[in-house]
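Reviewing the structure listed below.
Naming convention: chains lettered A, B, ... in sequence-line order (proteins, then strands); numbering from 1 in each chain.
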2 protein chains.
Amino acid sequence: MLRLTTQRQVILEELSKVTSHPTANELYDLVRKRLPRIGLGTVYRNLELMADNGMILKIEVGGTQKRFDATTENHYHIRCAECGKVDDLDIPVLNNLVAQAAATTSYQIIGHHVEFTGTCPACQQRLAREQAAQ
Amino acid sequence: MLRLTTQRQVILEELSKVTSHPTANELYDLVRKRLPRIGLGTVYRNLELMADNGMILKIEVGGTQKRFDATTENHYHIRCAECGKVDDLDIPVLNNLVAQAAATTSYQIIGHHVEFTGTCPACQQRLAREQAAQ
DNA sequence: TTCGAACAGGATAATAATTCTCAATATAGT
DNA sequence: ACTATATTGAGAATTATTATCCTGTTCGAA
């Protein structure tokens, strides 16, 4: 069974503190402020373990890195195509979609996720500035 | 501008032939049967270029690899949590969802994608067999 | 308590997927 | 044909993640 070690506790606390959806590496930076000797492998290992135990959510969106979320209820995300930032979207979860999908596939459905792509406010501004500069 | 080299033509043809959603590496194997001297880098480079030009679709789903699709219209996918296989789902695209999302975010929305996770028929059988064997 | 087994951590090596670099080649337009 | 540009193949480099290995910790049973 899963022990609540100091490392796990701090990882969980730091993840809960932020509203962003940090990557393992971003979380590593946060946690290291409190546990300077922690290893990156430990962060990866424990994020994976906690996700498997339903304590946190592993968000497998597009982009190159996995992201994590202390909120475990299903909700949707929007990802910035420029900088990779991920934010929550405040729209209701489409539970009827699962039934609809189940009717048309021979897969046994586990869950679903909706991911929007877009340009975040910061990148919109940056792009506008770059346009103007030319 | 974009030349239609032999390599690009063959990559596009092979991608169009299959109904699966091959990874760059799977496509590399297919293409190599016709162009044995092609490099993996060329496959990656051209898939990226063709996706940028809207000739094909780059599917950034969960899992560790990007996948590609000769169909460019938006449609939804289901991915096997066991083996990573990706199939199309025959359910209508929710265009109203974009408007809904636009109303609740300051991102400028580009697009959206719905991804279901599940267990594909083959893995269901395999898992059932493994269960029985114990 | 103390002994042993299982658990967990940190450091580092290994792997996987993708991207980059660069010299050589091919192509289009003049 | 000539030149500028685009493209290729080979391999190195990078990035993100996972595995390994050894050491220290903790939990229970004796």
Side-chain angles (χ1 to χ4, degrees), chain A residues 1-15 20-53 55-69 79 81-86, chain B residues 1-15 21-53 55-68 79 81-86:
Chain A
M1 81 99 238
L2 206 63
R3 284 185 205 150
L4 191 56
T5 61
T6 310
Q7 287 84 343
R8 281 177 193 158
Q9 206 167 320
V10 173
I11 291 171
L12 199 52
E13 282 173 16
E14 291 302 317
L15 182 58
S20 67
H21 302 77
T23 61
N25 206 61
E26 286 166 355
L27 218 31
Y28 173 54
D29 286 342
L30 292 172
V31 169
R32 234 179 342 167
K33 290 178 186 165
R34 291 173 57 187
L35 303 174
R37 301 196 47 75
I38 198 173
L40 178 57
T42 304
V43 176
Y44 269 103
R45 196 184 323 118
N46 286 323
L47 285 172
E48 194 63 37
L49 273 171
M50 292 193 281
D52 285 350
N53 281 265
M55 300 166 67
I56 64 172
L57 205 66
K58 174 162 58 165
I59 314 175
E60 300 199 27
V61 292
T64 52
Q65 290 159 284
K66 280 168 191 157
R67 292 173 173 273
F68 298 86
D69 194 332
R79 178 172 55 93
E82 295 293 323
C83 67
K85 184 168 180 269
V86 173
Chain B
M1 50 104 217
L2 204 66
R3 284 185 205 152
L4 190 55
T5 61
T6 311
Q7 286 86 342
R8 280 175 196 161
Q9 207 167 322
V10 172
I11 290 171
L12 198 52
E13 281 173 16
E14 291 303 316
L15 182 57
H21 303 76
T23 62
N25 207 59
E26 286 166 355
L27 217 31
Y28 174 55
D29 286 342
L30 291 173
V31 170
R32 232 176 349 164
K33 290 177 185 165
R34 292 172 58 187
L35 304 174
R37 301 195 48 74
I38 198 172
L40 178 56
T42 303
V43 175
Y44 269 104
R45 197 186 319 120
N46 286 324
L47 284 171
E48 195 63 37
L49 273 171
M50 292 194 282
D52 285 349
N53 280 264
M55 300 165 68
I56 63 172
L57 205 65
K58 174 162 59 167
I59 313 174
E60 300 199 28
V61 292
T64 52
Q65 289 160 285
K66 282 169 190 157
R67 291 173 173 274
F68 298 86
R79 178 172 56 92
E82 295 293 324
C83 67
K85 184 168 180 270
V86 172

Ignoring backbone atoms, test whether [X] places a side-chain nitrogen or oxygen under 4.0 Å from the OP1 or OP2 oxygen of [N].
X     : N      : value
A/Y44 : D/dT17 : yes
B/R37 : D/dA10 : yes
B/Q7  : C/dA26 : no
A/T42 : C/dG10 : yes

The side chain of [X] is closest to which nucleotide in this list: [options]?
X     : options               : answer
B/R3  : D/dT17, D/dG9, D/dT5  : D/dT5
A/Q65 : D/dA16, D/dC27, C/dG9 : D/dA16
B/T5  : D/dT7, C/dG10, C/dT18 : D/dT7

From B/I56 atom CD1 to B/L27 atom CG, the distance as rounded to the nearest 0.5 Å: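 So the gap between those two atoms works out to 8.0 Å.
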Nearest-angstrom distance from the residue atom [atom1] of [X] to [atom2] of [N]:
X     : N      : atom1 : atom2 : value
B/L2  : C/dA28 : CG    : C1'   : 14 Å
B/Y28 : D/dT8  : OH    : C1'   : 13 Å
A/N25 : D/dT14 : CG    : C1'   : 14 Å
A/L4  : C/dA8  : CG    : P     : 11 Å
A/L47 : D/dT17 : CG    : C1'   : 12 Å
B/E60 : C/dA17 : CD    : P     : 16 Å
A/L40 : C/dA14 : CG    : C1'   : 15 Å
A/R34 : C/dG9  : CZ    : P     : 15 Å

Let me spell it out: for each of B/T64 and B/N46, pick the nucleotide of DNA chain D with the closest heavy atom. Which residue's pick is nearer the 5' end? B/N46
Go nucleotide by nucleotide along DNA chain D from the 5' end; which of A/G41 and B/I38 gets its closest nucleotide reached first? B/I38
Salt bridge or not between A/R67 and A/E60? Use side-chain N to carboxylate O under 4.0 Å. no
Is a side-chain donor or acceptor of B/E48 paired with a backbone partner of B/R45 at a separation under 3.5 angstrom? no
Is the backbone of B/F68 close enough, under 3.5 Å, to the side chain of B/H21 for a donor and an acceptor to pair up by distance? no
Counting only distance, no hydrogens or angles, is the base of D/dG9 paired donor-acceptor with the side chain of B/R45 under 3.5 Å?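 Indeed there is one.
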Under the salt bridge (Lys or Arg N to Asp or Glu O under 4.0 Å) rule, collect the residues that match up with A/R34, sequence neighbours excluded. A/E13, A/E14
